[in-house]
Amino acid sequence: MTEMIVSVLIVLGGGFAAIAGLGLLRLPDVLIRMHATTKAGTLAAGLIVLGVSVYFASSLVITKALLIIAFLFLTAPVGAHLIARAVYRRKLPLWDKTLFDDAAMKSTDKASENALSDNADQGLDK
Amino acid sequence: MNSLIFSTISRLLVGLMLLFSVFLLWRGHNEPGGGFIGGLVAAAGIIVYGLAEGPGMMRKLLRIAPQTLVLIGLLTSVVSGLLPLLQDSSFLTGMWLFIGATETEKGLGLGTPLIFDIGVYLVVVGGVSGMVIALEEEL
Amino acid sequence: MELAINIALALTAFGIIAGCIRMYKGPTPADRIVALDLITILLVAVSSLLALRLGNAAYLDLGLALALIGFLATVGFARYLEHSNIPVSDEEDRALAKAARGVNTATSGDQTND
Amino acid sequence: MEILLSLLVGVLMSVSVWMLLSRNLVKFLFGLVLISNVANLIIFKVGGLTVGAPALITDGGSAEYANSLPQALVLTAIVIGFGLVSFTLVLAHKAYQAIGTLNVDEMTLAEKRQDPADSEKSS
Amino acid sequence: MPADITSQTNAYSNSEIRKGINGSANTAFACALISAIVFFVAYLSQVSSIAAGTPWTFSGEWVPRLGVQLDFRVDGLSLLFGLLISGIGILVFLYSYGYFKVHKGHARLQWLLLSFMLAMLGLVSSDNIILLFIFWELTTITSFLLVGFDHENTQARRSALQALLVTGGGGLALLVGLIMLGQASGSYLLSEIIASGSAVTEHEHYPVILTLILLGAFTKSAQFPFHFWLPNAMAAPSPVSAYLHSATMVKAGIYLMMRLQSSLGGTEEWFYALSIAGGITAVWSSMMALRQTDLKLMLAWTTVMALGTITMFLASNLQIAALAAVTFLIVHAFYKCALFLAIGNVDKSTGTRDFNKLGSLVRFMPITALGAVLAALSMAGFPPFLGFIGKELIYEGTLTIADQPWIIVAAAVAANAMMVGIALTFIFRVFLGGESTITREPKEVYAVMWVGPVVLAIAGLLTGLLPGQITEYVIQPAVSSVMAASAEVKLSLWHGINGPLILSIITVAVGIMLFFSLSIVSRMINNLVEKLPVVGDSAYEFLLNRTQFVASKLTNRLQTGSLSHYLTIVFMAFVVSVAVTLLYHPVSMDFDRLTPVTPFIAIVVFLMISAALVLTFSNTRLLAICALGVVGSGVAVLFLVFGAIDVAITQLMVETLFVVLIATVLIKLPRFPDQTDPAKTRGLRDAVIAIAAGVVMAIITLGVSLTPLDLTVTHFFEENSLAQAYGRNIVNVILVDFRALDTLGEVAVVATAALAVIALLKVRVHAQGPR
Amino acid sequence: MTPFATNLILAFVWAALNGGIGVSSVLVGFLVGYAVLFILQPLFGASRYCSSLFDGVMLALYFIYELIISSLKVAWDVLTPTHRSKPALIAVPIEAKTDAEITVLANLVSLTPGSLSVDISEDKTHLLVHAMFVDDPEAFKQELHKGMERRVLEAMR
Amino acid sequence: MNGLLIACLLVPMMTAALSFILTSDVKSRGVISIFGSIALLMLSFILLYQVASGGPVSNQMGGWQAPMGITLIADMLSAILIVVTAIVSLCVNVYAVGDISRDRIAGGFFTFLNMLIVGVVGAFLTGDLFNMYVWFEVMLISSFALLVLGGNKVQLDGAVKYVAINLISTVLLLTAIGLLYGLTGTLNMADLFIRVPQVENQALVTVVAVLFLVAFGIKAAVFPLYFWLPASYHTLPISVTAVFAALMTKVGIYALIRTFTLIFPGEHSVVDTTLLGLGLVTMILGVFGAMTHSDIRRILAFHVIGSIGFMLLGLGLGSALAMGAAIFYMVHGILIKALLFMIAGIVGKLGGSFELSRLGGLYQERPGFSMVFLFAALALIGIPPLSGFWAKLLILEAGLHHDAAIVITFVIIASLLTFIPLMRIWLEAFWKPQPLESGPKIVESLDSDIIVVENGSVKSAVPLVVPPNLYIWTPVLGLSAVMLIIGLMPGKIIELSDTAAKTLIDPSAYIDTVLPNRSAAPGNLNEVQK
Ligand code: NA
Ligand code: NA
């Protein structure tokens with residue numbers, strides 16, 4: 001029974017891992033790809049860790065597993081946010097079908113635009 | 001990084017990471033871990049916090065200058081090695097004290113190797129976070 | 001069970017390989033960082049699977065450490081991306097390189113820099 | 001396994017030497033990190049490979065453990081390597097700040113050529 | 001800072017400072033003079049016992065392991081030299097006191113002269129050949145400092161260095177020669193070496209020993225082709241030239257040849273080496289002497305000529321030759337030193353040494369003139385001076401020893417005639433006659449300055465008139481020492497009308513002719529010299545420059561300042577040395593020990609290799625970092641799979657931390673430069689080195705991993721980890737207990753690295769810093 | 001929650017990590033927890049810290065649920081051959097004021113299917129969201145404002 | 001005396017830590033450091049006495065028996081070198097108090113200096129190969145720190161090369177140690193002596209020996225691996241250069257000697273011949289380099305390389321006679337290099353430059369100091385009866401004993417050429433009158449915060465040229481006195497060197513000390529010996 005649950009959990013986790021990878025490969029721009037990795041990837045790891053904790057079923061392993069999951073779920077959205085913010089502020093190229101409705105963010109924009117043009121100059125000045 | 005989300009979460013993380021780091025240090029003698037790994041985790045926590053809040057806050061968190069922390073760690077390791085010289089053993093010979101030992105259970109083992117490892121831990125925490133603080137302050 | 005572990009390992013490995021491919025292809029630095037992030041997370045999965053496979057829960061400790069420290073890498077890279085002067089895409093990178101070479105050849109004739 | 005891992009060592013060694021020989025200090029740094037990995041890998045590998053038997057003593061567990069000594073050596077080497085490489089990284093940064101280039105061929109401030117003619121003049 | 005020094009230089013006019021100078025100079029002078037007198041008296045007191053055949057000896061312990069002991073032995077030869085050195089020393093110190101009275105360097109000079117005298121006395125008194133060498137080198141150094149005494153003058157510095165290099169180089173050869181001599185004869189004691197007779201000449205290394213020792217002697221005694229340094233050394237002040245370059249130091253080589261003649265001589269090698277070198281030296285320097293108008297240079301060249309002559313005589317192992325050499329040595333020391341000192345007085349009084357500008361000095365400085373004229377007469381070999389006896393002996397010796405007497409005899413006559421010519425020049429164009437063109441009126445010098453030339457000149461006269469004493473107590477013991485057998489010699493002014501006397505008469509005649517045709521002769525010689533091949537000074541110059549040039553070229557070629565160049569060489573050295581070793585020691589491999597490959601590992605390795613290749617060709621920094629990360633993670637996975645959990649964790653954490661650091665730093669660093677057009681050959685060379693490095697490393701690693709491993713140590717750890725160190729994590733127990741000292745060092749590295757990084761980051765970099 | 005309670009929680013977490021709630025391990029855990037709290041003192045008042053920790057744990061559980069849903073949706077998009085997505089970057093006005101509120105909201109947004117918090121405007125009035133499936137931006141804003149944000153604010157105020 | 005060996009290691013280590021923690025006052029740090037080095041000096045003499053009277057002294061760390069635990073062992077060679085190290089340490093510490101700028105001390109100068117000593121002493125004391133690697137790294141990272149402390153751009157430029165090449169050596173060393181472990185299963189050097197001959201695959205042993213040669217060759221600055229040295233030494237503050245020049249390469253030489261006498265003795269004659277050849281080339285190229293340059297520090301830096309060549313000859317010839325010569329040369333070389341660099345520092349302070357063309361007049365201005373320089377220079381050249389002469393004499397005797405005509409020839413040529421650069425310093429800086437140049441010129445910086453710009457007679461920047469003070473004179477005169485004593489009474493040191501060499505050639509005392517029960521071991525010592 002335990003083995004069954006473990007097997008399901010880890011195969012499911014593996015599946016999500018593969019999906020995350022596939023999504024990273026197939027989806028059209030970086031922000032959309034992040035939807036795949038942050039969600040499916042985190043879930044994949046979480047499921048597998050859960051499977052392990054079920055298998056060993058000791059309080060130590062369960063605590064460890066829960067800690068891993070907690071860490072992952074605390075950090076994944078923050079990490080995604082930081083990368084996405086950088087993508088946005090540096091004006092990285094996005095899929096051409098992307099709709100922009102970000103007028104309210106202009107104040108933030110100004111600063112980063114200046115930074116960008118400075119950087120472009122630096123880029124040439126090797 | 002000046003991100004509200006990040007800095008809020010980082011406060012939470014640093015606590016967890018420090019706790020985990022002490023756990024690693026403590027368990028190192030019997031399970032994976034030890035002073036170096038524990039120290040690195042603690043330093044990683046401090047760095048996460050520092051990346052969110054800036055180097056000034058990292059200094060505040062450490063309270064003493066990282067260099068001092070590093071050298072205190074080094075001295076801790078040295079002193080742990082010197083203790084056995086008092087009972088005329090060689091440098092770095094393990095000295096153990098078992099709290100609550102019974103016939104079957106050894107109880108809670110405290111030994112100079114643990115103190116040694118604490119020294120390592122302090123060196124790594126101070127060293128790594130000190131480097132990052134200096135780097136952040138310079139940039 | 002054994003089979004399940006192997007399947008899960010294979011699938012995770014696929015995820016990691018996909019991550020590596022994305023990392024190689026880019027084209028933007030953000031893609032690479034995202035890929036690295038995914039690989040880190042999947043390594044947590046791998047270490048857990050190894051714990052199962054080798055029957056030793058100690059391998060989980062690595063997962064724990066990695067979960068913590070992986071975040072640090074992501075943050076570091078995100079900051080790098082946001083603040084550095086790195087080109088936003090490989091195309092821009094090539095363009096900049098070309099421009100830099102032009103400047104070089106224009107100013108200092110026969111000098112080749114690598 | 002041995003052949004595969006030796007191949008790996010060979011390839012990694014080649015790549016790291018290639019990077020070390022490049023004129024760019026950052027590439028040199030990458031090569032350094034890589035070559036440290038190679039050294040660690042070699043120590044680990046020649047210490048004998050045992051799959052999945054961590055050197056952790058369990059009550060009543062098997063008496064078969066992976067060779068613990070090379071592990072300890074590699075661990076020490078990794079830590080030392082970390083210290084050295086961090087230093088080198090910061091040095092590269094400072095050197096760039098001071099000299100204005102990362103091209104090692106252009107870093108010749110410290111060794112101004114001493115022309116034979118010059119030395120004759122001054123003697 | 002520079003300004004201070006000029007002001008200091010000028011400050012010497014200040015009388016207070018002068019008083020200070022005089023104070024320290026007086027002390028130095030007193031020390032020097034008293035030492036010289038003490039030694040002279042001491043030597044004199046030993047004269048009779050040494051003449052009776054009992055040498056004065058002293059033995060002390062110093063460095064027994066090397067056989068270098070404080071063995072001193074004063075026999076006849078040592079006594080002769082000792083008397084000359086200390087006796088002339090007295091006169092020279094006195095002279096110097098007057099010569100340098102107000103000079104800022106007076107004290108320094110007196111101390112140097114004293115040091116030199118002591119070194120010289122040590123040299124001629126040592127019985128241990130290494131001890132002898134030690135004094136030999138000390139004379140070299142003191143003479144270097146003395147030649148460069150007038151150190152603000154470029155020429156003086158150049159000459160000093162030249163003297164040092166030539167004699168120092170010879171000294172090195174001599175050292176090797178002496179060690180070999182010691183090893184060949186089984187003793188470092190001169191007395192024992194001499195006693196061992198022909199042991200050395202029959203030794204297989206004899207030619208080498210001879211060559212090396214003669215190199216030392218020839219350089220020191222200015223024999224061709226090392227003669228050039230001596231005239232250049234005339235940059236030294238006159239008393240120094242008088243003391244070192246006529247009477248003492250240059251005779252050190254002669255002393256050595258005399259000393260070793262009995263053990264090294266008597267062979268064809270010895271004979272030809274000495275006679276050829278001495279002959280060429282004598283002839284060449286005679287010609288050069290006639291070219292000079294500077295009296296001091298003229299004297300210098302005649303010194304070289306005298307040294308050549310003595311060397312030529314030492315070629316033979318006949319007693320008459322030794323007698324001639326010893327006698328001439330004394331003669332020469334007397335008159336040459338006197339003349340040098342006299343010329344010093346002339347220089348001091350008139351400001352010139354050009355004999356064309358000088359004349360009739362007897363009117364202004366009569367005492368100096370007296371000494372000079374008497375010395376010159378001795379030099380010319382006129383009776384009743386000791387010079388006459390010396391010359392007669394030379395002719396007698398020449399007639400006795402030469403195989404082809406007429407050539408040698410002619411040469412000897414020519415050389416002596418030149419001496420006559422030069423002596424007459426001194427007498428009649430400087431002191432007694434000639435026209436003076438100098439503007440200021442010369443004055444007679446202080447008494448301390450004329451006492452030297454006068455005493456020496458009179459000594460030359462007295463010993464000529466009464467040769468008996470000096471023969472019995474000095475010359476005969478010296479000749480005995482040279483011959484290593486007791487010799488019976490007798491000197492007298494008058495031998496009747498014989499071959500030598502006739503030659504003497506011819507000599508005087510030719511000399512007078514030479515005196516009158518000096519300008520013509522010197523012009524002829526000048527023409528001749530220009531057509532001759534490069535010798536001496538210019539050869540030295542050429543050799544020095546060439547060496548300097550080669551050194552610079554080679555250094556600059558190797559030490560380019562480019563790190564990539566250095567690294568290329570380092571890796572080439574690594575690859576070549578290991579590859580060559582592998583070629584000569586083929587590694588046998590036991591392929592039965594291979595273990596099977598699992599697919600998981602294969603995938604990991606594949607990914608790592610791919611990432612490494614990506615790293616090789618990556619042009620973007622981020623891609624490179626990522627690829628590096630993949631390799632590092634792969635290594636960690638390998639650690640993990642093979643049971644090294646702690647290592648894997650550490651590897652990953654360190655990798656990550658490094659990535660964070662590098663990402664932070666890279667923000668401030670420029671992107672990779674464009675690599676689309678690298679220098680092709682360079683790239684190829686790098687690639688070859690890189691691939692070769694990989695190949696050799698792979699082979700070695702494979703070879704070692706197929707070798708069975710002794711696990712004694714590991715098993716010990718496994719057994720004792722829990723039992724004695726109370727830990728289940730063996731790796732950690734190794735780290736904190738079994739091998740805790742490694743960890744302590746490791747922690748020290750981390751601590752120091754952290755402190756270093758922090759300190760480095762605090763450095764303020766000045767973009768326009770000092771260059 | 002008082003610092004003492006937090007400390008107690010840490011002590012038990014420690015004991016659990018050490019594989020068994022025993023007297024000695026809880027005691028040690030308490031000491032370690034106290035040390036951690038002591039170290040963290042300069043960060044903020046202990047009570048503030050405690051509530052953050054508690055919310056963190058509670059929200060984490062909520063995240064898991066949301067995560068599974070969103071992953072499935074992404075998986076669907078990845079696995080089907082056509083991209084149905086209509087991505088958009090939308091600045092959504094928000095009411096959340098405190099850092100904690102904004103953080104929780106943003107993270108929840110990130111874990112919700114098809115949306116990802118990208119940035120927060122300097123005046124903290126707008127949250128920039130990247131959404132995968134947007135037909136009408138205004139509708140999206142309303143939905144987020146009325147749905148997710150209200151729930152978060154209710155939970156936290 | 002369980003703690004003597006470890007005390008030699010811990011005293012400088014604790015000095016390093018305490019000097020930083022206890023005070024931030026510049027002078028106090030120096031005083032703590034000086035006291036630490038005095039303590040080390042006393043310990044080292046006790047150690048030397050013990051070794052001289054009772055043979056090698058060893059101690060097992062943690063009480064774990066060899067070859068399991070790490071061995072600390074001092075045989076005669078180690079003891080001699082530790083004494084010399086302690087002398088250099090004391091001198092440089094005192095000198096540094098008078099020389100090093102406040103910024104550098106605040107950055108941890110004395111900590112790094114003492115850590116460097118820790119590394120050096122550790123390398124000399126350890127009987128475990130991997131442990132030796134660790135101490136090498138301690139030494140290396142400390143040297144890095146000293147290299148960049150307060151650095152200007154020139155210093156950083158030199159540091160890049162120094163760091164880069166030394167790191168390569170580190171990696172090669174680590175690899176070599178790992179491979180040797182893979183072949184023998186032990187890291188204990190005494191145990192290796194027994195086990196290396198038992199390895200079936202001797203070809204691999206030879207290859208690994210070559211790897212060690214390359215790795216230590218870089219550390220020891222052997223041709224063609226020495227480039228890092230002339231690239232960096234002259235860019236440093238004098239106190240640092242003095243300690244580098246004195247000790248760093250010698251540790252490499254020590255490691256070569258130890259490795260090739262204890263681990264790969266005898267049968268690897270290819271390596272010996274190679275060492276001999278490399279020694280000759282290194283010797284000549286070192287002197288050539290010195291002839292090329294006109295900066296005193298660069299001249300001396302190349303002399304360091306030249307002397308490395310001399311030391312290699314001893315090892316290459318391989319007899320006790322030659323080895324004794326090399327060890328004596330090492331003692332002489334370490335001390336004389338430290339002395340000469342400290343003197344060069346005074347020249348720089350008095351003359352405001354290290355460049356010969358800008359120097360002059362020192363003989364006139366400072367006759368006493370000139371004599372000190374001349375004394376040191378002549379000692380280096382090998383003029384009797386100074387220490388260099390005995391070193392040369394010993395090497396020549398050994399060479400002649402082996403009938404090695406080429407060696408003799410090269411030694412003679414190198415010795416002769418050595419005159420040129422050193423006497424050029426004398427001629428230019430001391431004898432030549434002070435040059436009076438016009439026009440603006442930047443006088444070399446002596447320290448990061450000292451820059452003098454001259455325009456004719458007007459100095460347009462603050463000339464911070466510090467006149468030498470008591471802290472600077474004391475070690476120079478003290479060390480000169482030591483050198484003079486060695487020159488006049490070399491017997492004792494030659495005797496000790498000979499003893500050390502004999503222990504190297506016949507390491508049975510060493511082995512017995514480390515492995516007292518080894519008679520049970522299968523390796524027959526007598527078979528392995530030469
Ligand atoms: Na050195
Ligand atoms: Na050998």
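Numbers restart at 1 for each chain; the letters A, B, ... are given by sequence-line order, proteins then strands. In this text, all values refer to a predicted model and were calculated from it rather than measured experimentally.
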Inset, instruction - Counting only heavy atoms closer than 4.5 Å, note whether C:Asp61 contacts chain E via side chain, backbone, both or neither. - result: both
Report, one line per pair, each donor and acceptor closer than 3.5 Å where one atom sits in a side chain of residues 11-21 of chain C; sequence neighbours left out.
| unit_1 | atom_1 | unit_2 | atom_2 | d |
| --- | --- | --- | --- | --- |
| C:Thr12 | OG1 | C:Ala8 | O | 2.6 |

Inset, instruction - Decide yes or no for C:Leu9 and E:Phe600: does some side-chain heavy atom of the first lie under 4.5 Å from some side-chain heavy atom of the second? - result: yes
Inset, instruction - Could you tell me whether a side-chain N or O of C:Tyr59 sits under 3.5 Å from a main-chain N or O of E:Leu640, the two making a donor and an acceptor? - result: yes
Legend entry - Top contributor to chain C contacts, counting heavy-atom pairs under 4.5 Å, from E:Leu657, E:Thr656, E:Val660: E:Thr656
Legend entry - Which atoms of E:Ile662 approach chain C - backbone, side chain, both or neither, heavy atom under 4.5 Å: neither
Inset, instruction - May I ask you to check whether over 12 heavy atoms, not counting those of C:Arg79, lie within 6.0 Å of atom CZ? - result: yes
Inset, instruction - Heavy-atom distances under 4.5 Å only: say whether C:Val46 touches chain E with side chain, backbone, both or neither. - result: side chain
Inset, instruction - Search all heavy atoms of E:Ala663 against all heavy atoms of C:Gly76 and return the closest pair with its distance. - result: CB-O, 4.0 Å
Legend entry - Part of C:Leu62 lying under 4.5 Å from any heavy atom of chain E: both
Legend entry - Pairwise side-chain contact, E:Thr620 with C:Arg32, heavy-atom cut-off 4.5 Å (strictly under): yes
Inset, instruction - Write out, in numerical order, the residues from residues 605-614 of chain E with a heavy atom short of 4.5 Å from a heavy atom in chain C. - result: E:Leu607, E:Val614
Inset, instruction - Search all heavy atoms of C:Met23 against all heavy atoms of E:Val630 and return the closest pair with its distance. - result: SD-CG2, 3.7 Å
Legend entry - Region of C:Ser47 in contact with chain E, defined by heavy-atom distances below 4.5 Å: both
Inset, instruction - Pick one of side chain, backbone, both or neither for C:Leu72, based on which atoms fall under 4.5 Å of a heavy atom in chain E. - result: both
Inset, instruction - Determine, step by step, whether C:Ile33 and E:Leu622 satisfy the side-chain contact (heavy atoms from CB on, under 4.5 Å) criterion, reporting the C-alpha distance in whole Å, the side-chain angles of both residues, the deciding distance to 0.1 Å, and the verdict. - result: CA-CA 8 Å; C:Ile33 297 169; E:Leu622 193 63; 4.1 Å; yes
Legend entry - Closest approach of E:Leu652 to C:Leu43 (non-hydrogen atoms, all atoms of both residues): CD2-CD1, 4.4 Å
Legend entry - Interchain contact, E:Val637 with chain C, by part (heavy-atom threshold 4.5 Å): side chain
Inset, instruction - Indicate the atoms forming the closest heavy-atom contact of C:His83 with E:Ile667, along with that distance. - result: O-CG2, 3.8 Å
